[in-house]
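These notes are about the structure you will find just below.
The chains referred to below are lettered A, B, ... by the order of the sequence lines, with proteins before strands, and numbering in each begins at 1.
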2 protein chains.
Amino acid sequence: MPLIIDNIQKHVQLTDEEKELFLSKTEIHHYKAKTILLNSGEVCKHSYFVNSGILRSFNINDNIVEHVLNFACEGWWMGDMYSLISQKPGNLFIEVIEDAEVVLLSKENQEQLYSEIPKLERFFRILTENSLVANQERIMDNLSLSAEVRYDKFLKRYAGLNHKIPQKQIASYIGVTPEFFSKMKAKLLRK
Amino acid sequence: MPLIIDNIQKHVQLTDEEKELFLSKTEIHHYKAKTILLNSGEVCKHSYFVNSGILRSFNINDNIVEHVLNFACEGWWMGDMYSLISQKPGNLFIEVIEDAEVVLLSKENQEQLYSEIPKLERFFRILTENSLVANQERIMDNLSLSAEVRYDKFLKRYAGLNHKIPQKQIASYIGVTPEFFSKMKAKLLRK
DNA sequence: ATACTTTCTTAATCTAGGTTAAGTGCTAAA
DNA sequence: TTTAGCACTTAACCTAGATTAAGAAAGTAT
């Protein structure tokens with residue numbers, strides 16, 4: 001059974017016909033590391049589901065500084081939510097960090113599926129709710145916790161990714177410079 | 001027509017029977033300023049929709065420091081999303097800042113309505129999506145913008161609330177101490 | 001292998017914002 | 001109408017994390 005079906009069935013149950021219908025509306029693509037799946041300024045036309053490999057989303061502000069919004073590895077969804085729902089150009093990049101197999105679900109197909117299989121509307125509602133909770137927690141963490149504790153939470157959230165992602169990207173995710181992150185790690189080792 | 005129906009109809013259209021059914025599952029309550037609608041450690045059993053007045057949600061970390069997650073005024077929804085979806089004790093407080101008229105929709109009624117009026121599942125999916133986008137933007141802002149610019153974005157997001165909310169709470173929302181916020185405002189005036 | 005590029009580290013110096021503390025002014029209860 | 005308690009301000013001093021710069025390590029391409 002494809003991973004994406006298991007993922008859906010964590011929240012809603014599908015019949016065999018529904019599974020087939022769903023899968024018929026998706027495409028599987030393979031991407032090499034460093035491929036850009038979505039560029040800033042483009043309209044995001046797909047939701048991405050990661051079968052294997054690692055993706056990240058980030059933006060670049062005036063100063064040429066990258067800021068990582070999040071990572072996605074096996075079993076995670078990825079997309080530029082703003083662009084996806086508004087179908088306007090977004091400001092996120094989505095990039096492949098490690099060679100990846102990705103399931104693509106187009107915006108149109110996703111909307112169609114909502115009508116054909118209302119349970120999927122429920123699934124994506126729940127998925128979005130969970131994502132919202134995680135993002136609210138991250139906001140509170142960024143307001144109240146030190147960089148050290150935020151790193152600790154990164155390690156728990158993305159268990160196993162620590163050594164697969166360039167440090168500068170982890171630094172960006174927790175909201176510090178690569179230099180400070182390096183210093184902080186050295187300090188943690190000394191303990 | 002009640003404000004909450006208009007709010008829903010921005011995204012999905014309801015028949016008169018559906019409107020009635022929906023309203024029959026809600027309750028209107030009036031609260032005085034400083035009333036605590038939800039305490040940290042409690043299970044959140046309702047979604048709140050603000051007809052008038054102002055609410056805020058916040059948590060308190062180890063050090064007795066409050067951190068404001070968000071505000072809600074006329075036409076906004078409020079709740080402890082984590083506790084609401086998990087029905088486990090949350091760590092948010094929800095408090096009335098200005099005397100408020102609030103529509104309460106219980107978790108059970110909300111779930112029932114999803115089945116009775118699937119369009120409402122769509123409505124809450126869209127509502128949650130929009131909230132997620134706003135929260136993602138706030139994360140990026142906190143990573144990359146100065147306190148001054150974050151204050152500017154607060155002013156735009158909560159237009160009109162600037163003088164109705166204690167400064168220390170605005171400071172907390174944008175992620176600085178009341179002392180620094182005071183200093184920053186004085187500096188902005190001098191310009 | 002060699003050169004080129006990017007990541008990571010270390011260290012000196014700097015700054016946005018935090019902490020502490022004291023004082024002002026407003027509101028609310030007695 | 002006093003007094004107690006917040007909310008806000010100001011100012012001196014402090015620190016987590018930024019910036020700048022330079023070298024070491026590790027990939028990547030030729």
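Atom CG of B/L143 is separated from atom P of D/dA16 by 20 Å (rounded to the nearest Å). What separates CZ of B/F180 from P of D/dT9 is a distance of 14 Å, to the nearest Å. Rounded to whole Å, the distance from CZ on B/F181 to P on D/dC8 is 9 Å. Across the protein-nucleic acid pair, B/K185 atom NZ and D/dT10 atom P stand 11 Å apart, rounded to whole Å. In this structure, CD1 of A/I174 is placed 12 Å from C1' of D/dA16, rounded to the nearest angstrom. Regarding B/H163, its NE2 atom lies at a distance of 12 Å from the P atom of D/dC8, rounded to whole Å. Straight-line distance from the CD1 atom of A/I97 to the P atom of C/dT7: 12 Å, rounded to whole Å. Rounded to a whole Å, the NZ atom of B/K168 is 21 Å from the P atom of C/dG17.
Map A/S146 and A/E179 each onto its nearest nucleotide of DNA chain D; the residue landing nearer the 5' end is A/S146.
In terms of phosphate contacts, A/T177 brings a side-chain nitrogen or oxygen within less than 4.0 Å of OP1 or OP2 of D/dA18. The phosphate of C/dT7 has neither OP1 nor OP2 within less than 4.0 Å of any side-chain N or O from A/Q169.
The residue A/K183 sits close to a base: some heavy atom pair falls under 4.0 Å.
Donor-acceptor pairing under 3.5 Å is lacking for the side chains of A/N91 and A/S40.
Shown are B/F58, B/W76, B/Y158; of these, the side chain to side chain contact (heavy atoms under 4.5 Å, CB included) with B/F71 is made only by B/Y158.
Taking 4.5 Å as the limit, every side-chain heavy atom of B/L105 sits out of range of all side-chain heavy atoms of B/F49.
Residues B/V102 and B/L23 do not share a hydrophobic cluster, defined by chaining ILVMFWY side chains whose heavy atoms lie under 4.5 Å apart.
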